[in-house]
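Structure, as structure tokens:
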Protein chains: 2
Amino acid sequence: MFDLASYLPYLLNRAGTRIADAFTEVLRPHGITLTMWRVLAALDHEDGQRMGQIATLTSIEVSTLSRLVDALERKKLVERRRPTARGGGADARAVTVHFTAAGRRLTQQLIPTALDYETIALDGFSAAETRQIKALLLRLFHNMDRLDAAERTPARGRTLAAE
Amino acid sequence: MFDLASYLPYLLNRAGTRIADAFTEVLRPHGITLTMWRVLAALDHEDGQRMGQIATLTSIEVSTLSRLVDALERKKLVERRRPTARGGGADARAVTVHFTAAGRRLTQQLIPTALDYETIALDGFSAAETRQIKALLLRLFHNMDRLDAAERTPARGRTLAAE
DNA sequence: TATTGTTATACTCTATAACTATA
DNA sequence: TATAGTTATAGAGTATAACAATA
């Protein structure tokens, strides 16, 4: 009736926890946590994003993110800026987050290892299977997204590109 | 080069977070957290497991689990027992965790909703795709498992049935 | 000596809401 | 009024290690 080993949220949690734990060990000597890495990865995706965008992209709470960016600023890996008005209507409430040179360097240094771990996780998967699982995970995410929308929950992280 | 939207750990984290957040809302009125639910689900899988087994199955730290079981006992949902010697060599260090009647009742009540959420997440997936993503997640888990074994890390949660 | 589980401490993340400064 | 971000506080989970009881 309720078979844990074929229950999807369980499988997701197990697989996700394992990869997260393994990569946390990689990050440790660099003095950053997995959550910090998620912010750096989001900035690599697009530098100069606003706090809200980063929260959405990473599924990190805005209040958590705010203190996380404090910590990353203390480590001189990122910096906050108030967007200037040139070239368009700047919202003075907004804050954008930018790599420092050191932050970009560290991120570029870690990306190959991050990709290595993805490769390890996908060991034995064919190219077709790799594409398949990524596509299925994306669909799964969007299904939950629609549920949030239906419930009018102001869900965090609703804007992952539809592809 | 580093495309976040096709980076597997990111997709896993996003999909997992979404399902977890949604089900946490379901659990809230019942006064239990998602982590508590994982313990109840593990007990439904097999009642009377030892602390170590439950930690392994749920990927919850033993020390976290110990206080979690304290809380579940206070809620009268589970109870600890020291295994008795009859029928085999009982280890007096061990502690087993068992449903109370109320705990079993609550779990049975929540399982259909849990399955509903799985159905929502898999909305639009064919039976073949459903089987596929579960099989792929299981393989992914075992790949990380082998990595832990190779590094001789005393990983938590290494014993998910191989199927 | 090693293992099972408990406890203690400090830290991280979450949840909620109050707060500021803009819009 | 609403929104973007910060800050405060309490709760929940993790990490680490020390500990008691037993093997």
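Values below: every heavy atom of this structure, side chains too, minus hydrogens, waters and symmetry copies. Note on naming: letters A, B, ... go to the chains in the order of the sequence lines (proteins, then strands), and numbering restarts at 1 for each one.
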- Message: Can you tell me which residue among Leu115(B), Thr107(B), Leu110(B) is in a side-chain contact (heavy atoms from CB on, under 4.5 Å) with Phe2(A)?
- Response: Leu115(B)

- Could you pull out the closest heavy-atom pair between Thr33(A) and Leu27(A), with the gap in Å? O-CD1, 3.7 Å

- Item | Ser66(B) (side chain) donor-acceptor with Val62(B) (main chain) under 3.5 angstrom | no

- Message: Output one letter per nucleotide in nucleotides 2-10 of chain C: B when a protein non-hydrogen atom lies under 4.0 Å from the base, S when only the sugar-phosphate is that close, - when neither is.
- Response: -BSSBBB--

- Any donor-acceptor N/O pair, Glu73(B) side chain to Arg80(B) backbone, under 3.5 Å: yes

- Item | Nearest-Å distance for atom pair CD/P, residues Glu61(B) and dA18(D) | 16 Å

- Query: So, Arg14(A) side chain and Leu57(B) main chain: donor-acceptor pair closer than 3.5 Å or not?
  - Reply: yes

- Task: Kindly give the heavy-atom pair with the smallest separation between Ala5(A) and Leu11(A), and that separation in Å.
- Result: O-CD2, 3.5 Å

- Item | Sub-4.0 Å heavy-atom contacts from residues 26-40 of chain B onto DNA chain D, ordered by number | Thr33(B), Thr35(B)

- Message: Using side-chain heavy atoms (C-beta onward) and a distance below 4.5 Å, is Val78(B) in contact with Leu40(B)?
- Response: yes

- Arg74(B) CZ to dA12(D) C1', in whole Å, measures 13 Å

- Query: Yes or no on side chain to side chain contact (heavy atoms under 4.5 Å, CB included) for Leu77(B) and Val39(B), after CA distance, side-chain angles and deciding distance?
  - Reply: CA-CA 11 Å; Leu77(B) 296 174; Val39(B) 174; over 6 Å; no

- Message: Quick check: on DNA chain C, is the nucleotide nearest Glu25(B) upstream (toward 5') of the one nearest Leu68(A), or the reverse? Name the residue that is more 5'.
- Response: Leu68(A)

- Nearest-Å distance for atom pair CZ/P, residues Arg81(A) and dG5(D): 15 Å

- Item | Between C1' of dT12(C) and CD1 of Ile60(A), the distance in whole Å | 12 Å

